[in-house]
Amino acid sequence: MKLTWLGHASWRLEIAGEVILIDPWLEGNPMMEGQDAAAATAGATHILATHGHFDHVSGLADVSAATGAPVSGMVELVKHLAAAGAVEGHAYNKGGTIAVGDVRVAMVPASHSSTIGEKGFYAGDPTGFMVTGEGRTLYFSGDTTIMADMAWMGDFYKPEIGILCAGGYYTMGMEEAAYAAKTYFSFKTVIPQHYRTFPALAQSAAPLEAALPGVDVREPEVMVPLDL
């Protein structure tokens with residue numbers, strides 16, 4: 001299993017023979033400037049979208065059209081993206097689970113907002129994903145704050161790896177992400193996301209690491225694969 005940060009909250013996950021892109025915001029992403037966007041999307045077999053904000057789905061329809069990778073996520077969001085030229089995958093909803101080859105992707109709640117486009121059209125509820133493959137489960141939080149739903153999510157799915165928004169201002173900060181990890185989950189590995197991109201966001205995951213002794217907290221670097 002290999003996970004590659006594409007900056008901000010964008011990821012490339014290679015798992016069980018699949019190449020899954022999560023919120024691939026590439027064009028306009030300041031963390032992807034000077035990086036090889038073609039390499040980031042090469043061989044993509046599927047795309048997951050958590051919500052409609054520009055820093056998650058801007059240019060996503062073009063990535064889908066160029067790679068042929070279908071997009072799955074909240075029904076209203078997927079319909080918007082398909083209308084913009086994306087290949088439509090599963091337009092499903094919270095509580096649902098889809099199969100991507102031998103990988104299972106369950107949609108779970110997030111506490112945030114979700115609109116799409118300059119006019120701010122409703123894009124369905126924001127979500128996270130529990131991705132299970134190769135005998136392990138990863139939790140991609142999407143954009144969220146701490147929420148009570150994390151209790152049943154941690155108990156039911158039992159993810160070993162948490163990819164948590166932790167930049168603050170728009171989402172949980174480092175301290176809140178650490179609290180959520182300790183209170184609701186039993187992660188072996190935690191990887192921060194949605195930070196370092198803009199000045200308003202946290203620039204270091206040191207507070208997260210300090211608050212989670214015994215957990216493997218990994219600060220990702222753009223386009224540097226993590227073996228999990």
Side-chain angles (χ1 to χ4, degrees), residues 1-15 20-26 28-33 35 40 48-51 53-57 108-113 126-131 136-147 149-151 153-154 157-228:
M1 185 186 302
K2 187 177 295 184
L3 182 66
T4 304
W5 195 30
L6 309 181
H8 197 54
S10 303
W11 297 92
R12 173 189 173 95
L13 175 62
E14 298 171 54
I15 180 172
I20 301 173
L21 305 179
I22 300 99
D23 287 354
W25 175 42
L26 305 180
N29 180 345
M31 301 192 81
M32 280 296 291
E33 289 182 4
Q35 300 289 343
L48 301 175
T50 64
H51 67 291
H53 289 160
F54 80 94
D55 55 333
H56 294 259
V57 300
V108 295
S111 181
H112 194 61
S113 59
T127 70
F129 295 105
M130 295 285 181
V131 180
R136 286 181 291 174
T137 297
L138 300 84
Y139 170 43
F140 288 87
S141 71
D143 283 11
T144 191
T145 184
I146 301 167
M147 56 180 176
D149 276 320
M150 289 175 172
M153 290 159 52
Y157 293 105
K158 295 179 172 56
E160 297 180 22
I161 301 164
I163 296 89
L164 307 179
C165 59
Y169 200 82
Y170 300 107
T171 71
M172 297 187 293
M174 295 293 167
E175 292 80 4
E176 290 86 357
Y179 174 88
K182 289 187 292 187
T183 304
Y184 300 116
F185 300 98
S186 297
F187 296 126
K188 295 180 179 178
T189 303
V190 167
I191 302 166
Q193 64 170 351
H194 209 283
Y195 79 121
R196 289 170 48 188
T197 321
F198 309 114
L201 303 182
Q203 301 297 306
S204 169
L208 181 68
E209 185 174 6
L212 293 175
V215 177
D216 181 17
V217 177
R218 301 196 194 181
E219 285 213 57
E221 295 297 336
V222 175
M223 293 297 288
V224 178
L226 296 171
D227 290 316
L228 300 173

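Starting from 1, each residue takes its place in the sequence as its number. These values consider heavy atoms only, across backbone and side chains, with no hydrogens, waters or symmetry-generated copies.
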Minimum heavy-atom distance between H51 and S113, given as atom pair plus value:
CD2-O, 3.5 Å

For Y184 and I146: C-alpha separation, side-chain torsions, deciding distance, then whether side-chain contact (heavy atoms from CB on, under 4.5 Å) applies.
CA-CA 10 Å; Y184 300 116; I146 301 167; 3.9 Å; yes

Measure the CD-CZ distance between E221 and R196 for me, rounded to the nearest 0.5 Å.
4.5 Å

Nearest heavy-atom contact between A211 and A178 is CB-CB, 3.5 Å

Does the side chain of Y195 come within less than 4.5 Å of L208's, by heavy atoms?
no

Ignoring hydrogens and geometry, is there a side-chain-to-backbone donor-acceptor pair from R136 to M1 under 3.5 Å?
no

Taking it one step at a time, do K188 and V215 satisfy side-chain contact (heavy atoms from CB on, under 4.5 Å)?
CA-CA 5 Å; K188 295 180 179 178; V215 177; over 6 Å; no

To the nearest 0.5 Å, atom CE of M172 lies from atom CE of M147 at 8.0 Å

Any heavy-atom pair between the side chains of S141 and M150 that's under 4.5 Å?
no

Report yes if some heavy atom in the side chain of H53 is under 4.5 Å from a heavy atom in the side chain of P126; otherwise report no.
no

Taking atom OH as the centre, does Y157 end up with more than 12 heavy-atom neighbours from other residues, nucleotides or ligands that are less than 6.0 angstrom away?
yes

To the closest 0.5 Å, what do you measure between CG (L138) and CD1 (I15)?
6.0 Å

Show your working on side-chain contact (heavy atoms from CB on, under 4.5 Å) between I161 and L228 and close with a plain yes or no.
CA-CA 9 Å; I161 301 164; L228 300 173; 4.1 Å; yes

Roughly how far, to the nearest 0.5 Å, is CD of E14 from CG of D227?
9.5 Å

Which heavy atom in M223 sits nearest to a heavy atom in P225, and how many Å separate them?
O-CD, 3.6 Å

Heavy-atom donor-acceptor pair, S10 side chain to D23 backbone, under 3.5 Å
yes

Measure the spacing between OG1 of T197 and CG of N29 and express it to the nearest 0.5 Å.
6.5 Å

Run the side chain to side chain donor-acceptor pair (under 3.5 Å) check on H8 and D55 step by step: do they pass?
CA-CA 8 Å; H8 197 54; D55 55 333; 2.7 Å; yes

Within the distance-only criterion (no hydrogens, no angle test), does the side chain of T144 pair as donor or acceptor with the backbone N or O of S111 below 3.5 angstrom?
yes

Nearest heavy-atom approach of M174 to P207 is CB-CB, 3.9 Å

Go through Q193 and W11 one step at a time and tell me if the side-chain contact (heavy atoms from CB on, under 4.5 Å) criterion holds.
CA-CA 9 Å; Q193 64 170 351; W11 297 92; 2.7 Å; yes

Give the ring-plane orientation class for F187 versus F185, where under 30° counts as parallel, over 60° as perpendicular and anything between as tilted.
parallel

Would you indicate whether F198, at its atom CZ, is surrounded by more than 12 heavy atoms from other residues, nucleotides or ligands within a distance under 6.0 Å?
yes

So, T127 side chain and T50 main chain: donor-acceptor pair closer than 3.5 Å or not?
yes

Please find the pair of heavy atoms, one from A40 and one from L21, that lie closest to each other, and give the distance.
O-CD2, 3.6 Å

L26: which of M32, M31, Q35 passes side chain to side chain contact (heavy atoms under 4.5 Å, CB included):
M32

From H194 atom NE2 to Y170 atom OH, the distance as rounded to the nearest 0.5 Å
8.0 Å

Start with the C-alpha gap between D143 and H56, add the side-chain angles, then the distance that decides, and say whether side chain to side chain donor-acceptor pair (under 3.5 Å) holds.
CA-CA 10 Å; D143 283 11; H56 294 259; 3.0 Å; yes

Determine the minimum heavy-atom distance between P30 and W25, stating which atoms define it.
CD-CH2, 3.7 Å

Side chain of Q203, backbone of L201: donor and acceptor closer than 3.5 Å?
yes

Please check if the side chain of E209 supplies one atom and the backbone of A206 the other of a donor-acceptor pair under 3.5 Å.
no

Taking the side chain as every heavy atom from C-beta outward, state whether I22 and I163 have any pair of such atoms under 4.5 Å apart.
no

